[in-house]
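Every heavy atom of this structure was used, including side-chain atoms; hydrogens, water molecules and symmetry mates were not. Source: prediction; values computed, not measured. By convention in this document, chain letters (A, B, ...) are assigned in the order of the sequence lines, proteins followed by strands, and residues within each chain are numbered from 1.
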Protein chains: 2
Amino acid sequence: MENRIEKIKKQLHSQSYKLTPQREATVRVLLEHEEDHLSAEDVYLLVKEKSPEIGLATVYRTLELLSELKVVDKINFGDGVSRYDLRKEGAEHFHHHLVCVECGSVKEIEEDLLGDVEKIVESQWEFKVKDHRLTFHGICKKCQSHDDDK
Amino acid sequence: MENRIEKIKKQLHSQSYKLTPQREATVRVLLEHEEDHLSAEDVYLLVKEKSPEIGLATVYRTLELLSELKVVDKINFGDGVSRYDLRKEGAEHFHHHLVCVECGSVKEIEEDLLGDVEKIVESQWEFKVKDHRLTFHGICKKCQSHDDDK
DNA sequence: TGTCAAATTATAATTATTTTAATTTATAAC
DNA sequence: GTTATAAATTAAAATAATTATAATTTGACA
């Protein structure tokens with residue numbers, strides 16, 4: 001964990017930003033909840049447990065900054081809140097998501113399934129792809145088996 | 001155009017909703033701007049030109065209703081506003097989007113490029129796919145040629 | 001150590017959307 | 001056709017998410 005913070009610190013410094021205590025606290029929360037898809041408010045409340053003096057606006061600014069540096073990805077599942085995910089180390093692409101419409105759980109797919117599709121888009125629509133967002137809405141494994149009970 | 005309105009009317013009736021004048025005016029605006037990706041506010045302003053007495057809340061409720069009936073798709077490009085797209089007639093799937101990060105233009109791909117990917121997701125993650133959202137962020141053809149000028 | 005820029009805080013403002021309560025409209029029973 | 005009933009609409013207020021503002025603090029460095 002510490003070395004990932006070190007890395008992020010260097011990334012910030014390379015763009016002449018500093019890793020302030022508030023920013024560090026925010027990053028730590030993100031690291032501790034890598035599996036979740038936290039909203040800004042979620043992050044704020046978690047950071048507040050450790051550093052009660054932090055302000056919500058700072059969390060927003062920090063997340064925005066981390067998003068610009070591609071340390072986190074800002075996603076929107078259409079529920080009106082932005083969520084922030086740490087990019088996996090070395091991950092080039094934005095990972096995909098499986099959102100269950102029954103229980104609301106969100107699972108991540110880290111594999112890049114879009115290689116071929118991107119090639120098609122680039123050649124057929126002459127569109128230079130920089131990034132992508134892919135979300136599937138459906139029913140997760142768990143809910144499928146629950147449905148059997150009925 | 002009229003027969004598409006007829007169809008939507010029937011769809012509403014089948015769920016015991018009515019096609020009120022306000023709803024009809026809203027649908028007409030959507031039909032007239034099929035290529036665009038209008039926000040609720042955009043729709044409201046356009047509807048207002050023809051039916052100045054309509055309220056914003058009604059537009060929201062109508063769009064929400066149409067979205068439930070799968071007449072329109074509600075999308076979010078991450079800019080903080082929800083946008084509403086009429087589903088193409090008979091279109092089973094949610095179409096894909098190409099968002100240009102330079103000029104902000106949005107292009108639609110109606111072809112479904114995800115057939116294979118969905119199969120993989122269904123078998124490998126045991127996730128029953130109902131719908132998907134796929135957006136590419138990148139540089140559109142026009143902006144690519146502009147960049148050459150520099 | 002004093003100075004300057006960057007960062008933070010608390011608060012207010014803004015934007016998008018939803019809710020509420022009152023009113024209108026349409027549907028259907030009589 | 002009136003009257004009762006439910007659905008839909010309006011205008012206004014409320015809420016939720018996010019951003020901007022102004023004052024203050026922090027930290028790097030001359």
Side-chain angles (χ1 to χ4, degrees), chain A residues 8-29 37-69 71-85, chain B residues 8-29 37-48 50-69 71-85 104:
Chain A
I8 291 167
K9 187 172 180 179
K10 275 184 195 143
Q11 253 187 294
L12 283 164
H13 283 162
S14 75
Q15 315 264 322
S16 57
Y17 292 113
K18 313 168 199 170
L19 186 64
T20 63
Q22 292 88 340
R23 284 175 184 169
E24 187 175 330
T26 305
V27 171
R28 276 181 195 281
V29 163
H37 298 79
L38 302 173
S39 67
E41 185 85 29
D42 294 337
V43 174
Y44 171 64
L45 292 173
L46 288 165
V47 174
K48 228 171 184 319
E49 288 175 10
K50 299 273 177 63
S51 319
E53 74 294 348
I54 201 169
L56 178 57
T58 303
V59 171
Y60 269 102
R61 263 185 314 251
T62 302
L63 291 171
E64 199 54 47
L65 179 63
L66 292 173
S67 175
E68 267 166 41
L69 296 178
V71 172
V72 305
D73 285 316
K74 185 175 178 181
I75 16 169
N76 206 305
F77 291 130
D79 60 353
V81 249
S82 296
R83 296 172 184 284
Y84 299 85
D85 276 18
Chain B
I8 291 167
K9 188 172 180 180
K10 276 183 196 145
Q11 251 187 294
L12 283 165
H13 283 161
S14 75
Q15 315 264 322
S16 58
Y17 293 112
K18 314 165 197 169
L19 185 65
T20 63
Q22 292 89 339
R23 284 174 184 169
E24 187 176 328
T26 305
V27 170
R28 276 180 194 281
V29 163
H37 298 79
L38 302 173
S39 67
E41 185 85 30
D42 293 337
V43 175
Y44 170 63
L45 293 173
L46 288 165
V47 175
K48 226 170 186 313
K50 299 273 178 63
S51 318
E53 74 294 348
I54 201 169
L56 178 55
T58 302
V59 172
Y60 269 103
R61 265 185 314 250
T62 303
L63 291 171
E64 201 53 48
L65 178 63
L66 293 174
S67 175
E68 268 165 40
L69 296 179
V71 172
V72 306
D73 285 315
K74 184 175 177 181
I75 14 166
N76 204 306
F77 291 130
D79 60 353
V81 250
S82 296
R83 295 172 185 282
Y84 301 83
D85 274 17

Just to be sure I understand the rule, does [X] reach a base, reach only the sugar-phosphate, or reach nothing, if contact means heavy atoms closer than 4.0 Å?
X	result
A/I54	sugar-phosphate
B/E41	nothing
A/S39	nothing

From [options], pick the nucleotide closest to the side chain of [X]?
X	options	value
A/T20	C/dT9, D/dT18, C/dA7	C/dA7
B/V81	D/dT18, C/dT17, C/dT9	C/dT17
B/A57	C/dA6, D/dT9, D/dT10	D/dT10
B/Y60	C/dA16, C/dT9, D/dT18	C/dA16
A/K18	C/dT18, C/dT8, C/dA7	C/dA7
A/R23	D/dT19, D/dA8, C/dT8	C/dT8

Rounded to whole angstrom units, what separation is found between the [atom1] atom of [X] and the [atom2] atom of [N]?
X	N	atom1	atom2	result
B/H13	C/dA26	NE2	P	12 Å
B/Q22	D/dA7	CD	P	17 Å
A/L56	C/dT8	CG	P	14 Å

Taking every non-hydrogen atom, the tightest pair across B/N76 and B/S82: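 That closest heavy-atom pairing would be ND2-OG, 3.9 Å.
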
Mind checking whether A/V27 and A/E24 have side chains closer than 4.5 Å, heavy atoms only? no

Do B/K74 and B/E64 meet the salt-bridge criterion of a basic N to acidic O distance under 4.0 Å? yes

D/dT10 phosphate, OP1 or OP2: any side-chain N/O from B/R61 under 4.0 angstrom?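 No, B/R61 has no side-chain N/O under 4.0 Å of OP1/OP2 on D/dT10.
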
Looking at A/S82, I'd like to know whether one of its side-chain N or O atoms comes within less than 4.0 Å of OP1 or OP2 on D/dT18. yes

Going by side chain to side chain contact (heavy atoms under 4.5 Å, CB included), A/T26 matches just one of A/V47, A/T58, A/V72. Which one? A/V47

